[in-house]
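Chain naming here is simple, since letters A, B, ... match the order of the sequence lines and numbering starts at 1 in each. The figures here come from the full heavy-atom set of this structure, side chains too, leaving out hydrogens, waters and symmetry mates.
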Amino acid sequence: MSFLNGGLLWLTAAATIPIIIHLLHRSRFIKIRWAATNFLKKAIKKTRKKIRLENLILLLLRILIVTLLALAVAKPVLQHSLIGAAFSVPTSYYVIVDNSLSMNYKYGTQTLLEKAKTISSELLAKINMKSEDRLTVITFNKYPKTYPDFIRKEGAKELIQNIQPTEFEGDALATFTELSQSLKKSTHTMRKIYLITDLQVSNWKSADIDSKALGGLLKDLSHDQKNSFSILDVGENRENCSITSLTPLDNYILKGSRSLFTATVFNFSKNRPASKEISFYVNSSKVTSQNIVIEPLKANTATFDYTFTQSGYASMHCSLDNDFLSLDDNRYLSVKIHENIKMLVINGEPAPGWNDEASFLKEVLTSEDEISIFSLSVSTPIEFNESDLHKYDMVFILNTNHIPTKKVLAISEYIENGGSVFISVGSNCNADTYNKFFGQILPGEMSENIDCKDDCFISTVSDQMGLLSDRKIDLTNISFKKIQGIKPQKGAKNLLEVVYNGNKLPLLVLQEKGLGKIVLYTTTIDDEWSRFCFNPLYALFIYNTIEVLMSKPFTTLTHQLGDTVKIVLPRELFDQEYIVNFKNTKYHVSPISNSPSNQYIYLFFPEEPPDSKEKDRSINYGLSNSGFYSVAKKSSPVQNILQFSVNLPPRIPEFDLMLYSESNLEKIEDMKQLFPEFRFHQEGKEEGTHAQPIQATILWKPLLYAVFVLMVLEFLFASYLDKKKSL
Amino acid sequence: MAGQQDVIRKYLNPELINKIAQLELNAKRIIEGYLSGSQKSHLKGFSVEFASHREYTQGDDIRRIDWKVFGRTDKLYIKEYELETNVNAFIALDISKSMMYGSAEYTKFEYACFLASALSYLLLNQHDSVGFALFDKDIRKVVPSLTGQGQIAPIIGTMEGAEIEEKTDLSSVFSQIAGLLKRKSFVVLISDFFEDIDHVKKGLDYLVGKKNELLILNVMDQRELDFNFRDLTMFEGLEDNYKRLCDPPSIRRAYVECVNEFMKELKTISFAMRSDYWLFSTHQPLETALTEFLISRLEQRKR
């Protein structure tokens, strides 16, 4: 027997109150000189024993009431082992094994999960299962799984030994919800629940709302007298550093160009700075390493550069010298190395010389050097092949009044799947026609031209994206004759604005659609451009716009654990089945849909799409391992057609090994404060293997019931005695 | 002399006298006496009140033959008359310490004194002779038996000067009283009789053995009867060193049972001795209680 509020045990001294009252009462009496002593003697002799007994009963009742009340306040906890041995009742055993990310921590030769498995084996050896008993195994993480009703513990033991570590965070709420549902199915009168965990703080109070839900759930579970809980604590408090990001500084990486990459390392230690060596690898070959010092609870970065000599997909990762959790000591990055930036220019007004609508663009983006980062293909609205759109990194649509609907649909889908489109209106532009044919891709509804009469200038303050850098002031002398009126859609951003008659008008409007981006330039390309494009800043304007258009999340091909990856492949890469390779494991994935224009194929990995109406958590938890994944057609499995990387979320609380198991009582108190109804036991804890089951019931409620019953008894008995006296 | 009158007035309240003056206190059995009083003697004589006829036997006074009966029946019958005589009454009053208890206006002793005075007055008023004694474990004072209202003063004077010091020994003192009485007497015993019932019986036996008629007047305080105390109480014995702290409500029932049992036994004993028993509670006004008692006696006599 132990007490949750042991400090209040002094209240049991109140048990003396009835005795004191009794003695005080006896000291206050009146004196009478009495004649009929004979009768008095006889009456006393006759009633003495009975009265003594009655008074004793009354006194004991009152002492009991006060004592039990004091004990109830102190919240006694009865260990089931004391009573369980006396009875043999059908029992459901629940072994909950934590296989969350933190269980990958490795101290010495064993990870925490391996230690948990050893302890569970010892635990199972001690359990004396009878024929009517059942044993259920539940994994403890964000997506707990239940393996119910083992009749023989050998089966459960084998299952536990095969439990794999996950990279998911632990989630007490999810796990106890799973347990609660499993308990509802149990008809046994005794349930013994063993939780083998490292007691990560983050698992138990990750979010306030959840904490309340978890608190209520734990309260319900621990109040159910059938349940007894045992925490088998395997955690240890050690320091940890984690690489929280690895990113390229450029929006696109070109073959032969020097590219910069930055890794961020966070020190989760509260006390000591960490000195770490961080190494960079490209396609599994170590490129360089650096030593960095990271202050406690701070991040530090390391940067390195690399020049790729081949186009295609490249695998980059950086790695720390291992600490106790190796999982977060690596960060992965898949990048696509471009031969160059391929651009399609759909020219609505081809003409000779400078009259050609694309002449200015060609002037800026092509180079006489052999090595040009941009590769321009020029076509007309009628001639361009929509099936080839996916081959281009960007598409320019210049002064084009009309494109066949089918091709507009293909452009729209190209944007949705990650394409970049630059639209420049021109003299051929007609608002009604644009709205009619390009409406679904435009960032806003076009309206009539505004005749500025050279009185319209780039605003000095409206360069929201820094397109013109710090030289934008120089552009204020450039005037525009006409501006295409546009009402930007919701979510659209004005990258540049011009000022006319004191009003700001959009000059360059950006909108993100799906994975891609579209930019609309609202002035005619010829007259205005003839002034603007000869300005030395024009090239800068174009380059920066391209940077904006190329800056898209898909370019890094990086995903996080738990994501479901939507893989978009061009039609020409169609196969009946695809293979996703992760380390030595191959996953077979079937394409599940075609795009509306039939130009693309969609794959989902893991297979169940996250937005499926019949989504079942037990089928798809998203990506569950970090590392590099490659995709190949089944028909040609050797040739990778896509590669992506998966990482742990940048910073999750579980990196910080905050354990309740540390022999720091304040933390236990903290937990008790959070879940006052739930008991955690640390008695007899030994360093390293501290596995001490508690099987306990909090007795304060039964005690309160007992107090109530005793009070009723006391009232009835006292009333009976009073009535008897009054007769 | 005036002081003596005040004392008499203290014990003989005029209202009480008026109330009981019309009543009588008669012995149930006929007792011989010296004087012609209201008591009827078993001796037949020449009085005026006809009693019965009996057949003439040799030696009878021929003057007592009822000739009228002889004329009708031709048989000789002697005419017998009752002789009215006075009673030799003796009142014995308990002055033991236990009589000093009183929860009402008067102690039992005071109440008993009023009672004894009233009865003395009544008896003397009937031309009976009245003797008086105070007793505890021994006879303490005695007033010899005399008739006439002049006897009331020495009786009351004796009560007034009583010294209450000892406890009772009824067995011993009743035998002493029995020895004191030279003739058959109508003995009125006024006490709380707080002694072992066997002792009481033994003492009464002495008195009855001498052919005396007994009137047992049991004076009790109402609290002694109902034990109606509420608070925790330390009871200290009046006649002994007994001390006891107890919760009266807890033992009330048992106590009342003991008292009732005792009185029942005392009644049974007195009935067996052809004596009369009457309980006086000090909480009851004496006029009421005495009137009730006297009327009850008269009714018994008529039956």
A.B. asks: At a heavy-atom distance under 4.5 Å, which candidate from Gly237(B), Ser96(B), Ser103(B), Cys246(B) has the highest pair count against chain A?
C.D. replies: Gly237(B)

A.B. asks: To the closest 0.5 Å, what do you measure between CZ (Arg230(B)) and CD1 (Ile30(A))?
C.D. replies: 12.0 Å

A.B. asks: Does any backbone or side-chain atom of Asn228(B) lie under 4.5 Å from a heavy atom of chain A? Answer side chain, backbone, both or neither.
C.D. replies: neither

A.B. asks: Please find out if less than 6.0 Å separates the ring center of Phe39(A) from that of Phe227(B).
C.D. replies: no

A.B. asks: Looking only at heavy atoms, what is the nearest atom pair of Ala43(A) and Ile251(B), with distance?
C.D. replies: CB-O, 4.1 Å

A.B. asks: Salt bridge (charged side-chain N to carboxylate O under 4.0 Å, His left out), that's the test. Do Glu261(B) and Lys42(A) meet it? Break it down for me.
C.D. replies: CA-CA 11 Å; Glu261(B) 192 183 348; Lys42(A) 281 182 186 172; over 6 Å; no

A.B. asks: How about Met711(A): does its CE atom have over 12 heavy atoms from other parts shown lying under 6.0 Å from it?
C.D. replies: no

A.B. asks: Does any non-hydrogen side-chain atom of Phe194(B) lie less than 4.5 Å from one of Thr37(A)?
C.D. replies: no

A.B. asks: Please rank His25(A), Arg26(A), Arg28(A), Lys46(A) by heavy-atom pairs under 4.5 Å with chain B and give me the top one.
C.D. replies: Arg26(A)

A.B. asks: For Phe708(A), look at atom CZ and say whether over 12 heavy atoms of other residues, nucleotides or ligands are found less than 6.0 Å away.
C.D. replies: no

A.B. asks: With chain B as the partner, which of Asn55(A), Asn38(A), Leu40(A), Ile51(A) has the greatest number of non-hydrogen pairs under 4.5 Å?
C.D. replies: Leu40(A)

A.B. asks: Looking at every heavy atom in both Ala35(A) and Lys108(B), which two are closest together, and how far apart are they?
C.D. replies: CB-NZ, 3.9 Å

A.B. asks: Looking only at heavy atoms, which two atoms of Tyr101(B) and Arg33(A) are closest? And how far apart?
C.D. replies: CD1-O, 3.2 Å

A.B. asks: For atom NE2 of His283(B), decide whether the heavy atoms of other residues, nucleotides or ligands shown that lie under 6.0 angstrom number more than 12.
C.D. replies: yes

A.B. asks: Using the ring of each side chain (for Trp, its six-membered ring), is Tyr255(B) parallel, tilted or perpendicular to Trp34(A), with breaks at 30° and 60°?
C.D. replies: tilted

A.B. asks: Which bit of Tyr242(B) comes within less than 4.5 Å of chain A, counting heavy atoms only: side chain, backbone, both or neither?
C.D. replies: side chain

A.B. asks: Mind listing the closest non-hydrogen atom pair of Leu245(B) and Phe29(A) along with its distance?
C.D. replies: CD1-CG, 3.4 Å

A.B. asks: For the CZ atom on Phe717(A), are there more than 12 heavy atoms of other groups (residues, nucleotides or ligands in this structure) within a distance under 6.0 Å?
C.D. replies: yes

A.B. asks: Between Val259(B), Asp196(B), Asp192(B), which shows the greatest number of heavy-atom pairs under 4.5 Å with chain A?
C.D. replies: Val259(B)

A.B. asks: Does Asp240(B) pair with Lys41(A) as a salt bridge, N-O distance under 4.0 Å?
C.D. replies: yes

